[in-house]
Amino acid sequence: MLGLKFIRTHSEAVKEALSRRNNSFNLDEVLAWDEAYRSRLGESEKLKNLRNSLSEEIGRMNARKQDAAAQMQEVRDASARIREIDQDVQDLEQKINQALLMIPNIPHASVPVGPDEDANVVVRVEGEPPGFDFQPRNHWEIGEDLDILDFARGVKIAGARFTVLKGKGAQLERAITNFMLDLHTREQGYTEIFPPFLVNRATMTGTGQLPKFEEDLFRCDREDLFLIPTAEVPVTNLYREEILPGEALPILHTAYTACFRAEAGAAGRDTRGLIRQHQFNKVELVEFTAPETSYTELERLTDDAEEVLRRLGLAYRVVALSTGDLGFSAAKTYDLEVWLPGAGAYREISSCSNFEDFQARRANIRYRPEAGARPRFVHTLNGSGLAVGRTLVAILENYQQEDGSVIVPEVLRPYCGFDRIE
RNA sequence: GGAGAGAUGGCUGAGUUGGUCGAAGGCGCUCGACUGGAAAUCGAGUAGGCGGGCCUAAAACUCGCCUCGAGGGUUCGAAUCCCUCUCUCUCCGCCA
């Protein structure tokens, strides 16, 4: 969410940012409401001031046994008018707040300008895609032949976009998860969190999933709880409505969670394989930092995610998303795309974003730079470190052998206890 | 699921016959004094939000309004009275 004061004083810049995002939000309407809101609020506050001073006077007169009937009548009249005006104030305030929740973040100046993903910019390419002297296969073929992925039974017990991992497939998934968590916690300084997978509406609103994107979420109707689409949601909201001491920053958290996405707008896309599932595992990195350092922290956090790919020996590239492809809450995003030989393409395996104070405003997460100073909004960042299912896909496709077996990357062997799946 | 208790500032804890209470006291924290330095001691300060003024702007300052879990009501006036909701704690039941 953008600050109302900011929108008020920088309306042209906000409009310009919205157009770079291909967003057709009507800002003038909000500005008009704001105008009316402040004028009505002023009227109301004047009358409340009158009411307060008269009430005090009445108290004093009563103590002296004087007759305050006239004053009481005056306050009664004022209160009636206040009630009317406050109704307007409340209506306007509500309209403004609802509108504010629908305005996306402003892209950072360094974000490439463009209408869609075709305008994304490849920032760097790392690692060599492996060469094969045979035709590399898709992960779903490899996985089914090895009897470690069972798509048919996933559909039977749950539905489309649900898959069963079996035997060494399940073990490898678990090994990948543990390898990532250990790297982040032991070497990169993140504190591990294991959060609830179901969260309430306020939490979903805090990170920007609600109110605009409810159709992308799974919801438990009975309790009005939502299955988290990413650990970003519960972990960022950990400090909702809090003022953190300045010396606590930066706060680095990593969390493994299952993630649940309705994939409402993705019908027909990636229908085969593990790439696009309703449920998948992910290890997430979440960071809270002071505004001054958030962009250097974005580079560091992205590098922490890249380290997973480097250690797994997977080729990848880093892509800066364009203004038209940027997520609703993000000011800047790098996607990490891993090379998939079976698909013959780079596919997204991580997304690292700086949200600046967009989420912090929604969730009211602040910090006090020093004792006695006014609280400021923190900046929040997060990135996948990494999507576990897609990492499994990348390993199957990149480490496949001509005989159909798959070599396990060195760093994972201590975690799974085998060096090959055949 | 049943019964009961409670929600006050960073923490603790008064305030519940409605009226200078945004709120005593203590702790913590900040600044200052004392000290070679520190501890102890003493003094001062220390909630958040919104709107206005000031200003190129922010901060600071200043005026006002709101907030004592959330929302609504009674009243000239509510932390204090009434209603609804949420959450926490204790006991019982159930359960991994």
Taking the [atom1] atom of each, how far is [N] from [M], in whole Å?
N      : M      : atom1 : answer
G9(B)  : C85(B) : P     : 24 Å
G13(B) : C27(B) : P     : 15 Å
A23(B) : U67(B) : C1'   : 12 Å
C94(B) : A24(B) : P     : 49 Å
G22(B) : G32(B) : C1'   : 27 Å
C76(B) : G69(B) : P     : 25 Å
U90(B) : G72(B) : P     : 32 Å
A3(B)  : G93(B) : P     : 16 Å

| field | First of Lys46(A) and Met72(A) reached from the 5' end of RNA chain B, by closest nucleotide | value |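 Residue closer to the 5' terminus by nearest nucleotide: Lys46(A).
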
| field | 5′-ward residue of the pair Asn62(A)/Lys48(A) relative to RNA chain B | value |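 Looking at RNA chain B, the more 5' nearest nucleotide goes with Asn62(A).
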
Strictly below 4.0 Å, N to O, side chains only: are [X] and [Y] in salt-bridge contact?
X         : Y         : result
Arg81(A)  : Asp77(A)  : no
Asp221(A) : Arg219(A) : yes
Asp86(A)  : Lys48(A)  : yes
Asp303(A) : Arg310(A) : yes
Arg40(A)  : Glu43(A)  : yes

| message | With a cut-off of less than 4.0 Å, is there a side-chain N or O of Ser55(A) near OP1 or OP2 of A78(B)? | response |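 No.
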
| message | Can you tell me if Asn49(A) touches the phosphate of C65(B), counting only side-chain N or O atoms and a distance under 4.0 Å to OP1 or OP2? | response |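 Asn49(A) to C65(B) OP1/OP2: side-chain N or O found under 4.0 Å.
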
| request: Kindly say whether Ser329(A) contributes a backbone atom to a donor-acceptor pair with the side chain of Asn105(A) at under 3.5 angstrom? | output: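 Yes; judged by distance alone, with no hydrogens or angles, the pair exists.
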
| Would you say Thr323(A)'s side chain and Val113(A)'s backbone share a donor-acceptor pair under 3.5 angstrom? |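 It does not hold such a pair.
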
Both distances under 3.5 Å, Watson-Crick or G-U wobble: report the partner of [N], or none.
N      : result
G71(B) : C83(B)
G1(B)  : C92(B)
G43(B) : C31(B)

| query | Does any donor-acceptor pair link the side chain of Asn52(A) with the base of G77(B) at a separation under 3.5 Å? | reply |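 Per atom types, no contact qualifies.
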
| task | Name the closest nucleotide to the Arg76(A) side chain, picking from C65(B), U74(B), C76(B). | result |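 Looking only at heavy atoms from C-beta outward on Arg76(A), the closest nucleotide is C76(B).
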
| request: Would you mind telling me which of C76(B), U74(B), C65(B) lies closest to the side-chain atoms of Arg83(A)? | output: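 Nearest to the side chain of Arg83(A) among the choices is U74(B).
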
| request: Return yes when atom NZ of Lys15(A) has more than 12 non-hydrogen atoms of other residues, nucleotides or ligands closer than 6.0 Å, and no otherwise. | output: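 Yes, the 6.0 Å shell around NZ holds more than 12 heavy atoms from other groups.
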
| task | Mind checking Ser79(A) for me? I need base, sugar-phosphate or nothing, with any heavy atom below 4.0 Å counting as a touch. | result |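 Counting heavy atoms under 4.0 Å across all strands, the contact made by Ser79(A) is with sugar-phosphate only.
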
| said: Return a single string for nucleotides 47-57 of chain B, one symbol per nucleotide in 5' to 3' order, where B is base contact, S is sugar-phosphate-only contact and - is none, cutoff 4.0 angstrom on heavy atoms. | reply: -SSSSS-----

